[in-house]
Amino acid sequence: MLDKKFIIANADLVQQNCEHRGVKSDVGRYVSLETESRQIQQEIEELSRQANAVSKSIGKAKDDAEREQRKEEGRQLREQKDARQTEFDRLAAEAGAIYRSMPNMTHPEAPIGEEAHSRELRRGEHEVRPLGFPVLDHVELAAQHDLIDFEAGARIAGAGFYFLKNEAVLLELALQQYAIQLLVGEGFVPTITPDLARTEILHGVGFIPRGPETQIYSIENFDLNLVATAEITLGGMYADQVLDAEQLPLKMCGISHCFRTEAGAAGRASRGLYRVHQFTKVEMFAFTAPEQSEDMHNYFCDLECQIFDGLGIPYRVIDTATGDLGGPAYRKFDLEAWMPGRGESGEFGEVTSASNCTDYQARRLNIRYKNKGEKGTHFAHTLNGTAVAISRAIIAILENCQQPDGTILVPEVLQQWVGKDRIGATE
RNA sequence: GGACGGGUGGCAGAGUGGUCGAAUGCACCGGUCUUGAAAACCGGCGUGCCGCAAGGUACCGGGGGUUCGAAUCCCUCCCCGUCCGCCA
């Protein structure tokens, strides 16, 4: 949510921002509805004031006749108030719909335009270079080494589900360890979060369950949804809380399973593990004061780079264009890892995403902070970033670390947890 | 899943139809005292919205209802505690 005062004072800016982001929002209509409803709000408050005064006087009335007369007076005032309230509710509902459709404002340096305008910021420390032998993709590699059973997954739960097997399991656990150890060392509070969350929390974070084209699985007969990311649970963790300014910035990380329907994604490049209905992810999340969020955003991006540099995987960092930003994001950096088996002769594929949501999520979730000895509260800023999305990291590892003899080298940083340095070596 | 008891300000905890946005204690902020600190004492101290301000209005887990008037009564949902049942 944007600040209502800000919208009214900067309607043109907000309208322009909506256009840059490809969101149809009638900001002018919103401003006039808001102005009108505030007028009515004033009337309602005045009627309430009068009615309250009448009610108070009844307790002190000297006889029954006066009491009855006062009661009637009170009834009439409340009726008038209810009528104005109905009108107010009508305007507020229309204003609210427009209000909720408005995306966050955008960082001035974010590239403007559709997805194609997204800008490459930099590359990782490992260069993309030809492997120099016929390359297999992760599906073929997994089949060769019996690492993933897509058929069994489909039998159990449908297309898009899979069993990880053998070293793929060890890789998943190793990636979790690797990421969590690194983040704990950086002062993040580690968590394992619920995999389900209430609808209210999803809304606060910016997800819309149970709608058409929703990405969210919902549980029948319960107000519960399978989370699409631990961003939902970590953001919800401090919903309705007032934090002390000294606690900020507060850095959390969480392991969760992620469930996505991938509605509307049929036909897009999504072979194998790339676009699946369930995967595990280690997510970073931070609550900061406003002046800290930009640094935190860069820090998240640096950590993501550190993680993929450590794995020895080439990648590029993308500054996402306005047209491709989700509603809550003020700016978003994605890491795209090189996947040699993707497409004709290798392609970059998104593996992480770090967003600065400024106070947009915090307004919805009602997460505030308070300066010691100061009156009032302020909305915190929230940020989220992928540490490791396991399924896509596995794609990148299998495809980048494959060897001419068909074996796969385990990245050195993971070897202590995988327990071997190579997959497929004949012992 | 069943029975009972609860959900009130940052925390603890009173309040069962009007004078209650709400006692009291702790915490916190300011002051007096002190060489300094502690203690003691005095004063202040919830959040949102409207307003330059005075002030007004809304909020006692969420939603709905009764009433001139609800923290207080009724319905409903959620959550917490205790005991029982079931269970990895």
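Note on naming: letters A, B, ... go to the chains in the order of the sequence lines (proteins, then strands), and numbering restarts at 1 for each one.
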Roughly how many Å is it from [atom1] in [X] to [atom2] in [N], rounded to a whole number?
{"X": "A/Ile58", "N": "B/rU67", "atom1": "CD1", "atom2": "C1'", "result": "10 Å"}
{"X": "A/Lys56", "N": "B/rC20", "atom1": "NZ", "atom2": "P", "result": "9 Å"}
{"X": "A/Arg67", "N": "B/rU67", "atom1": "CZ", "atom2": "P", "result": "18 Å"}
{"X": "A/Asp223", "N": "B/rG63", "atom1": "CG", "atom2": "P", "result": "15 Å"}
{"X": "A/Asp82", "N": "B/rC68", "atom1": "CG", "atom2": "P", "result": "12 Å"}
{"X": "A/Glu73", "N": "B/rG69", "atom1": "CD", "atom2": "C1'", "result": "14 Å"}
{"X": "A/Leu77", "N": "B/rU67", "atom1": "CG", "atom2": "P", "result": "17 Å"}
{"X": "A/Leu224", "N": "B/rC78", "atom1": "CG", "atom2": "P", "result": "11 Å"}

Gap in Å between the two [atom1] atoms, one belonging to [N] and one to [M], rounded:
{"N": "B/rA40", "M": "B/rC59", "atom1": "C1'", "answer": "38 Å"}
{"N": "B/rA70", "M": "B/rU82", "atom1": "P", "answer": "35 Å"}
{"N": "B/rA54", "M": "B/rG46", "atom1": "P", "answer": "15 Å"}
{"N": "B/rG9", "M": "B/rU47", "atom1": "P", "answer": "13 Å"}
{"N": "B/rA39", "M": "B/rA27", "atom1": "P", "answer": "8 Å"}
{"N": "B/rG69", "M": "B/rC52", "atom1": "P", "answer": "32 Å"}
{"N": "B/rC60", "M": "B/rC73", "atom1": "C1'", "answer": "16 Å"}
{"N": "B/rC29", "M": "B/rC45", "atom1": "C1'", "answer": "7 Å"}

State whether the side chain of [X] and the backbone N or O of [Y] hold a donor-acceptor pair below 3.5 Å, judged by distance alone.
{"X": "A/Tyr315", "Y": "A/Asp309", "value": "no"}
{"X": "A/Gln15", "Y": "A/Ser25", "value": "yes"}
{"X": "A/His107", "Y": "A/Glu109", "value": "yes"}

Does [N] pair with anything, Watson-Crick or G-U wobble, both distances under 3.5 Å, and if so, with which nucleotide?
{"N": "B/rC20", "answer": "none"}
{"N": "B/rA40", "answer": "B/rU32"}
{"N": "B/rU66", "answer": "none"}
{"N": "B/rG1", "answer": "B/rC84"}
{"N": "B/rC52", "answer": "none"}
{"N": "B/rG46", "answer": "B/rC59"}

Item checked: A/Arg49 side chain, from C-beta outward: closest of B/rU57, B/rG69, B/rU19 ->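 In terms of side-chain proximity for A/Arg49, the closest of B/rU57, B/rG69, B/rU19 is B/rU57.
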
Check: On RNA chain B, nearest-nucleotide positions of A/Gly74 versus A/Asn52: which is more 5'?
Finding: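 Its nearest nucleotide lies further toward 5', so the answer is A/Asn52.
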
Item checked: Earlier contact from the 5' end, RNA chain B, for A/Val242 and A/Ala53 ->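 Going by which nucleotide is closer to the 5' end, it is A/Val242.
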
Heavy-atom distance under 4.5 Å between the side chains of [X] and [Y], does that happen here?
{"X": "A/Gln176", "Y": "A/Thr280", "value": "yes"}
{"X": "A/Met105", "Y": "A/Val14", "value": "yes"}
{"X": "A/Gln402", "Y": "A/Glu140", "value": "no"}

Notebook entry, point to check: Is the closest basic N to carboxylate O distance between A/Lys281 and A/Glu283 below 4.0 Å?
Noted result: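 Yes, this pair counts.
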
Check: Has A/Arg392 got its NZ or CZ under 6.0 Å from the middle of the six-membered ring of A/Tyr274, at an angle within 45 degrees of the ring axis?
Finding: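 Cation-pi check for A/Arg392 and A/Tyr274: passes.
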
Checklist line | Flag if over 12 foreign heavy atoms under 6.0 Å of CD, A/Gln415 | finding: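 Counting other residues, nucleotides and ligands, CD of A/Gln415 exceeds 12 neighbours.
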
Next item on the list: With A/Pro411 as reference, evaluate A/Val418, A/Ile397, A/Asn400 under the side chain to side chain contact (heavy atoms under 4.5 Å, CB included) test and give the passing residue.
Entry: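 Result: among A/Val418, A/Ile397, A/Asn400, A/Ile397 is the only option passing the side chain to side chain contact (heavy atoms under 4.5 Å, CB included) with A/Pro411.
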
Next item on the list: Would you mind building the protein contact string for nucleotides 47-53 of chain B? One character per nucleotide, 5' to 3', B for base within reach (heavy atoms under 4.0 Å), S for sugar-phosphate only, - for untouched.
Entry: SS-S---

Notebook entry, point to check: For A/His117, what residues pass the ring pair (Phe, Tyr, Trp, His ring centres under 6.0 Å) criterion, not counting sequence neighbours?
Noted result: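 Counting only residues at least two positions away or on another chain, A/His117 forms no ring pair (Phe, Tyr, Trp, His ring centres under 6.0 Å).
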
Checklist line | Positions of residues 91-101 of chain A (non-hydrogen atom under 4.0 Å from RNA chain B), listed by number | finding: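 Those residues: none at all.
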
Next item on the list: May I ask you to evaluate whether A/Arg78 reaches the phosphate of B/rG69, defined as a side-chain N or O under 4.0 Å from OP1 or OP2?
Entry: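 True: A/Arg78 side-chain N/O within range (under 4.0 Å) of B/rG69 OP1/OP2.
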
